[in-house]
There are 2 protein chains.
Amino acid sequence: MTITQLQYVLAVAEHQNFTLAAQKSFVTQPTLSMQIQKLEDELEIQIFDRSKKPIQLTEIGKKIVDQARNVVNESGRMQDIVDQQKGFIGGEFKLGIIPTVMPTLLPMFLKTFIKKYPKVNLKIEELSTENIIQRLNEGHLDAAIAATPLEHDHIKERVLYYEPFVGYTTETHRLYEKKELKIEDLDIDDILLLEDGHCFRDGVINLCKTPKSIEEDHFQLESGSFETLIKLSNENLGMTLLPYLHTLDIKESEKKNLRHFEAPRPAREVSLIFHKSELKMQIIEALRNVIMSVVRGAITFHNVEIISPVSK
Amino acid sequence: MTITQLQYVLAVAEHQNFTLAAQKSFVTQPTLSMQIQKLEDELEIQIFDRSKKPIQLTEIGKKIVDQARNVVNESGRMQDIVDQQKGFIGGEFKLGIIPTVMPTLLPMFLKTFIKKYPKVNLKIEELSTENIIQRLNEGHLDAAIAATPLEHDHIKERVLYYEPFVGYTTETHRLYEKKELKIEDLDIDDILLLEDGHCFRDGVINLCKTPKSIEEDHFQLESGSFETLIKLSNENLGMTLLPYLHTLDIKESEKKNLRHFEAPRPAREVSLIFHKSELKMQIIEALRNVIMSVVRGAITFHNVEIISPVSK
DNA sequence: TAAAAACTATCAATAAAACCTATAGTGAAA
DNA sequence: TTTCACTATAGGTTTTATTGATAGTTTTTA
């Protein structure tokens, strides 16, 4: 049994296809086939059920793959240990960010981070929460920024900040005249929302569970951005909720439509998440420190009270 | 980096000697030297400080060795998973047993165990607690039977039984006339004890901390067996304490000298211990079940009350 | 239903590696 | 100084991993 063989197994398990797995592993298909056969012979089991299309894992194959991931992770940690000892923060680092955080947060910390850690080769990808979880589990992402809590078994979460929601109303809206909004004021049926990852914090309302107030029959939000929501709202289709950081760069003319909430403000929890194996933890910590410091600056400057997290 | 290279590193770390490590790894010394050099080159660090004699680990080398052990353990678990899935209980299993448990316990469970699990190739070795811990950590033992609690970070303990101590007096002894002993009756200075692993249970008296009442100046117990203690006691050198199971096969003529304790009886905790990585856990569980069932039989048959453990 | 496409297994050849024997080098002990 | 105990290096051999070509199989397409 070799680490390479285990990596091949992981590749096939992921792609359910020997040919593709071979490409991703930068070897030819026969190489991969033979190495996996060798491993199967050595363990005297079948890892893959090749009769099914696409290829499936056998019952024991699933367990083997889980364990193979452990071994590969542990072997990867070797280089981490060396880097940590040398105080070296560098190498490739793949970060996923959910769409509703990407445009506001990324510009805030990116420059600072690459200046402070020039040897880190940061690869950032905009991904849905679902894809992020999958790729973290497969080891194709080193960390990600997403709305939490997610409560996935293999994923650890470190809160970066709580981002209050701000109401956006228009002149014709029933709440336009209010100076501050209360949670009770909201009517779930007249709020425009994006589909993904907008959860109110525990103890308030969980909007994730009643995802879209715009019924699919009427129309659908394609690549839902908050810009779109603001425009829809401007068309008097209802009010909307914007994460605080987004309100910092909307048009001056639209700022009059913003309505903050009374405390306790509804907020979303935004966290840095990563696999529980804690590979590349030095870079994750570095990233976390940079982000937390720039966000702290951004939010205290604008005098917004951050509500402390509710412990579960 | 290969698993083999990591195994070589572990061997050298253990033996502090390339030549010996090579022998133990069943390769020649140059093979081992070159593979370790390759790994050091790949990681761009020195794992060993070859200038010191015997060879020492560098600062980072210690961390590398710890992690190497993780990787090797995780890869070893692969076969475990296969065995478990197949319901196969077999293969080599190395068990350590402390001297004061060996002669009474081994005959009780060995036959039953090898009959029930004929495919397990059991290798049993009598070892001191200290050696047991070391070998468990190095992966040279799969499990061991020892007096607990030990409270070692990397070692897990599963209690097998509580074995009461029984007093052994002789006619001239001040306690000979008593039918049942009390703990308060004991005078630490007139009890003959072995050096190793005889601990009274938590909450009673810990005899480990006052190891030998026979001063080293006078004489020393070589390979201390309870037979020796009984003989010394018969010479009127004092009373002694015997673990309950030992009292089952002393001479008929000597049984009149036994004095049980009043409840709560002082007892030693005897456990099956193993590395926290839980390799070969199926065999460990099998062994535990066999031992617990035979011990339960032995002790209930003789109508001895087992004191329930004190929770910490 | 035949042809094409997509995919995996097998084979023989080659490149890479792991390993060996022999020996040189090195520091400690005699 | 010599010996001893050990590790490193060199060159050759064996083993293993990988490849390109191709056969076999199933699914998709025409």
Side-chain angles (χ1 to χ4, degrees), chain A residues 1-58 60-62 64-65 68 71-72 75-76 78-79, chain B residues 1-58 60-62 64-65 68 71-72 75-76 78-79:
Chain A
M1 178 169 53
T2 68
I3 294 171
T4 310
Q5 286 172 348
L6 299 181
Q7 286 168 329
Y8 292 163
V9 168
L10 293 183
V12 175
E14 182 186 340
H15 297 105
Q16 300 190 313
N17 177 322
F18 276 62
T19 312
L20 183 57
Q23 277 174 25
K24 298 283 180 181
S25 305
F26 306 105
V27 289
T28 58
Q29 169 265 315
T31 297
L32 191 133
S33 283
M34 290 178 96
Q35 287 308 311
I36 287 183
Q37 280 179 46
K38 268 188 57 177
L39 182 62
E40 287 180 328
D41 289 351
E42 184 183 332
L43 297 176
E44 297 183 305
I45 47 147
Q46 285 287 109
I47 298 172
F48 297 103
D49 180 351
R50 294 155 170 84
S51 68
K52 298 222 179 74
K53 303 283 155 117
I55 278 185
Q56 295 295 309
L57 283 166
T58 60
I60 187 166
K62 289 176 194 164
I64 292 291
V65 165
V71 178
V72 171
S75 72
M78 221 69 162
Q79 188 61 54
Chain B
M1 178 170 53
T2 68
I3 294 171
T4 310
Q5 285 172 349
L6 300 180
Q7 286 169 329
Y8 292 164
V9 168
L10 293 182
V12 175
E14 182 186 340
H15 298 105
Q16 301 189 311
N17 176 321
F18 277 62
T19 312
L20 183 57
Q23 278 173 24
K24 298 283 181 181
S25 305
F26 305 106
V27 289
T28 58
Q29 168 266 314
T31 298
L32 190 133
S33 284
M34 291 185 87
Q35 287 307 312
I36 287 183
Q37 280 179 46
K38 267 188 57 176
L39 182 62
E40 288 180 327
D41 289 350
E42 183 183 331
L43 297 176
E44 297 182 305
I45 47 148
Q46 285 288 110
I47 298 172
F48 297 103
D49 181 352
R50 295 156 171 82
S51 69
K52 297 221 180 74
K53 301 281 159 110
I55 278 186
Q56 295 294 308
L57 283 165
T58 59
I60 187 166
K62 288 176 193 163
I64 292 291
V65 166
V71 177
V72 171
S75 73
M78 221 65 164
Q79 188 61 53

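The sequence lines fix the lettering, A, B, ..., with proteins before strands; numbering per chain opens at 1. These figures come from a predicted structure and were not determined experimentally.
The distance between atom CD1 of Ile36(B) and atom C1' of dC19(C), rounded to the nearest whole Å, is 14 Å. As a whole-Å value, the separation of Gln5(A) CD from dT16(D) C1' is 10 Å. Across the protein-nucleic acid pair, Asp49(B) atom CG and dT7(D) atom P stand 13 Å apart, rounded to whole Å. Between the CZ atom of Phe18(A) and the P atom of dT26(D) there is a distance of 15 Å, rounded to whole Å. The distance between atom CG of Leu20(A) and atom C1' of dT8(C), rounded to the nearest whole Å, is 14 Å. Rounded to whole Å, atom P of dT25(D) lies 19 Å from atom CG of Asn17(A). One atom, CD of Gln23(A), and another, P of dC7(C), lie 10 Å apart when rounded to the nearest Å. Rounded to whole Å, the distance from CG on Leu39(A) to P on dT18(D) is 13 Å.
Two residues are said to be in side-chain contact when any heavy atoms from C-beta on lie closer than 4.5 Å; Val27(B) and Gln35(B) fail this criterion. The closest side-chain heavy-atom distance from Ile64(A) to Ile45(A) is below 4.5 Å.
Among all heavy-atom pairs drawn from Ile60(A) and Gln46(A), the shortest one is CG2-O, 3.7 Å. Between Ser75(B) and Met1(A), the closest heavy-atom pair is O-CE, 3.1 Å.
Note on Thr19(B): a side-chain N or O is less than 4.0 Å away from OP1 or OP2 of dT7(D). For the OP1/OP2 pair of dC7(C) and a distance below 4.0 Å, the side-chain nitrogens and oxygens of Gln29(A) include no atom meeting the criterion. Between Lys38(B) and dA18(C) there is a side-chain polar atom (N or O) within less than 4.0 angstrom of OP1 or OP2.
Of the listed nucleotides (dT7(D), dC20(C), dT8(C)), dT7(D) has the atom at the smallest distance from the side chain of Ser33(B). Closest to the Thr31(A) side chain, of the nucleotides dT18(D), dA18(C), dC20(C), is dT18(D). Distances were taken from every side-chain heavy atom of Pro30(A) (C-beta onward) to each of dA8(D), dT19(D), dA18(C); the shortest belongs to dT19(D). The side chain of Met34(B) lies closest to dT9(D), out of dA9(C), dT9(D), dT19(D).
In terms of position along DNA chain D, the nucleotide closest to Thr4(A) lies nearer the 5' end than the nucleotide closest to the other residue of the pair Lys53(A) and Thr4(A). Two residues, Leu32(A) and Ile55(B), neighbour DNA chain D, and the one matched to the more 5' nucleotide by heavy-atom proximity is Ile55(B).
The main-chain N or O of Val72(A) is never found under 3.5 Å from a side-chain atom of Gln7(A) such that the two would form a donor-acceptor pair.
Counting any heavy atom pair closer than 4.0 Å across all strands shown, Lys52(B) reaches no nucleic acid atom. Counting any heavy atom pair closer than 4.0 Å across all strands shown, Tyr8(A) reaches sugar-phosphate atoms only and no base atom. Using a 4.0 Å heavy-atom criterion, one finds that Gln37(A) contacts the sugar-phosphate atoms exclusively.
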